[in-house]
Amino acid sequence: MEQTHPHTTTDETVAPTAESPRLEKPVIYDYVDYRAFLSDSLEHIQTKNSKYSATAYVRQAGFGENSRGYFNLIMNGKRNLSSSTILGFAKTLKLNEKETFHFENLVHYNQATTEKEKGLYFERINKNMKGKTSKAFELLRSQYNYFSNWYLVAIRELVATGNFKEDYDFISKRLKNKVSKKEIIEAINDLINLGLLGRDEKGLLVQSDIFINFTDTSMNYTVVNALHSQMLDRAKESLSEDEYKNRSASCVVLATDSENFDKIREEIKAFREHMMNKYGTNNAKVDCVLNLGIQLNHITSLE
Amino acid sequence: MKTTLLIFTLVLGTALTAQAKVVEREGTTTLSKSGSGTNVGGGNNGSEYLATWCRGQSSLLRNYKDRARLKLDNTGDYNIANKLLTDGIVQALNNSTNASETFLHKSLVRGLTISNYLGASLGGNPERKAMAANNILNSYYDFMLETVAKNLDLNGKIPYMSSSDADMDQRAAHFEENFVIYANTQLNWILGNLVKEVRMGDRVQVVPVGDARSVIKVALALSTGTASDLEESLWNYRFSCTISDLQMLNDSLKAYDQGNKEMFEDEKQALEYTTKELRRISRTLTLRESCQ
């Protein structure tokens with residue numbers, strides 16, 4: 001089941017609990033969710049001035065005289081911040097120029113609705129974080145990498161193969177020399193950071209779970225678009241690089257009712273789960289990693 | 001077995017949850033020999049997902065409504081039919097992950113409150129009361145399906161959420177207006193379906209469709225709900241008088257429902273007053289005026 005955590009930072013050590021009032025001023029670089037930063041900052045202000053209310057907070061940020069209850073709407077993700085209110089909060093919280101720039105990018109990153117926007121603001125945040133340490137950001141970077149680089153998914157599966165060795169040349173070769181040693185090292189670190197890989201008692205890499213399932217309802221398409229795009233590139237390369245017996249490309253082109261689109265999408269979803277359950281278990285040997293990609297798209301414009 | 005990964009908010013505050021399914025681990029050696037898999041869906045486009053959810057839950061609600069009607073035809077027992085109508089709402093709410101932004105979700109929550117107020121979920125109501133509850137719940141189902149899901153969500157708010165080329169300020173203004181429209185539609189549902197005006201000589205009298213007490217209970221649930229809808233709007237200051245009126249109406253009805261007859265002597269009086277107040281409030285919302 002999916003859960004929504006609009007207030008959650010990924011680093012539990014930086015976010016105080018309700019039982020422990022925040023005495024130290026929150027630092028924007030410790031956060032990957034601007035809403036958590038705003039909430040913690042309000043709590044910090046209130047430790048110094050118990051009469052300071054959420055309404056006063058949003059008013060000071062420029063929401064006008066009649067904005068009672070608005071802070072909760074922002075916290076619940078029901079309202080976004082505009083450019084002027086971003087600067088309003090930055091001023092209220094006395095952020096310096098660099099911190100304001102970071103806060104602004106974080107808000108835009110959290111509120112981004114397209115893959116392009118998300119990528120742009122992530123890169124800005126990433127650049128701004130150079131030389132700074134933050135567990136929360138490290139985790140965010142690993143998440144971002146997981147859905148931006150096809151080989152992280154491939155490496156996690158490769159670990160399950162019988163003859164897997166944590167040898168970068170071996171891994172690179174298995175990935176058809178398309179991934180550098182540096183990328184492999186970073187990928188393994190990211191996978192460990194995300195809890196997708198771990199180490200057994202002998203220190204060998206192992207999968208934390210057999211099956212990983214990212215459901216459609218659990219994430220916005222902008223998160224996974226880059227990954228699917230890269231997998232399509234791999235599939236395209238396979239047509240010219242792989243022997244016929246080792247690849248399969250097929251398609252069905254239909255003239256049909258546009259309302260069938262959702263039905264077909266549901267059937268594809270069930271098919272993917274079926275294939276994973278049937279062929280991802282109970283194998284006598286595991287010696288390869290396959291990618292079964294399925295696309296469904298309109299090749300004519302909709303009327 | 002299910003594992004929630006350390007993968008959190010990437011988009012719109014939505015947590016990514018990875019689920020490890022079906023196969024239990026039997027040690028790492030077994031694990032590496034049996035196989036594994038990663039299933040990555042295409043994700044959802046907020047509004048597209050909500051539209052699919054709305055259509056799915058509409059279909060589920062229609063199914064429960066039909067089942068309740070057939071059950072009533074076969075058994076003649078309103079309590080059984082009411083229980084089915086309540087189950088439909090509960091079932092739709094159980095499927096409502098990440099759908100709280102929709103009006104349908106809001107109306108489902110209110111529907112459950114109404115059902116509880118009418119004692120429909122427990123059953124055992126006397127026939128007259130059960131029949132009144134059945135009328136109200138059926139009418140509320142129509143309201144959820146036709147007015148809320150179809151007009152307000154699928155043809156209103158959801159397409160608006162996904163439009164990218166519209167002017168941002170205009171979009172924001174429309175978005176805020178939705179709360180007022182929903183609030184007013186809710187009151188109009190009561191006025192249009194649960195009460196009727198009957199001319200008796202020179203006088204026009206308000207009569208309930210069914211049972212006055214049940215209508216009062218619905219007004220009790222929706223007066224506070226409507227105040228909360230208006231509170232959620234950025235324009236809540238414009239409707240501060242209306243919000244206050246709704247809260248006062250709610251206080252009066254609550255007191256009467258608990259046996260206090262200081263304000264209303266009987267159900268007839270309470271119903272007349274409620275209808276008059278709701279009509280006045282609805283008019284102020286239609287005219288977008290409140291404290292004038």
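Each chain gets a letter, A, B and so on, in the order its sequence line appears, and its residues count up from 1.
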Engineer: Taking the side chain as C-beta and beyond, is there a heavy-atom pair between B:Ser36 and A:Ile210 under 4.5 Å?
Structural biologist: yes

Engineer: Should we say atom CZ of A:Phe261 is surrounded by more than 12 heavy atoms from elsewhere, each under 6.0 Å from it?
Structural biologist: yes

Engineer: State whether the side chain of A:Arg156 and the backbone N or O of B:Gly37 hold a donor-acceptor pair below 3.5 Å, judged by distance alone.
Structural biologist: yes

Engineer: How about A:Ile212 and B:Asn39: do any of their side-chain heavy atoms sit closer than 4.5 Å?
Structural biologist: no

Engineer: How many angstroms lie between atom CG of A:Asp262 and atom OG1 of B:Thr52, to the nearest 0.5 angstrom?
Structural biologist: 5.0 Å

Engineer: Let me confirm one number: the CG-OG1 distance from A:Leu196 to B:Thr38, rounded to the nearest 0.5 Å.
Structural biologist: 7.5 Å

Engineer: B:Tyr64: which residues meet the ring-ring contact (aromatic ring centres under 6.0 Å, His included) condition with it, sequence neighbours left out?
Structural biologist: none

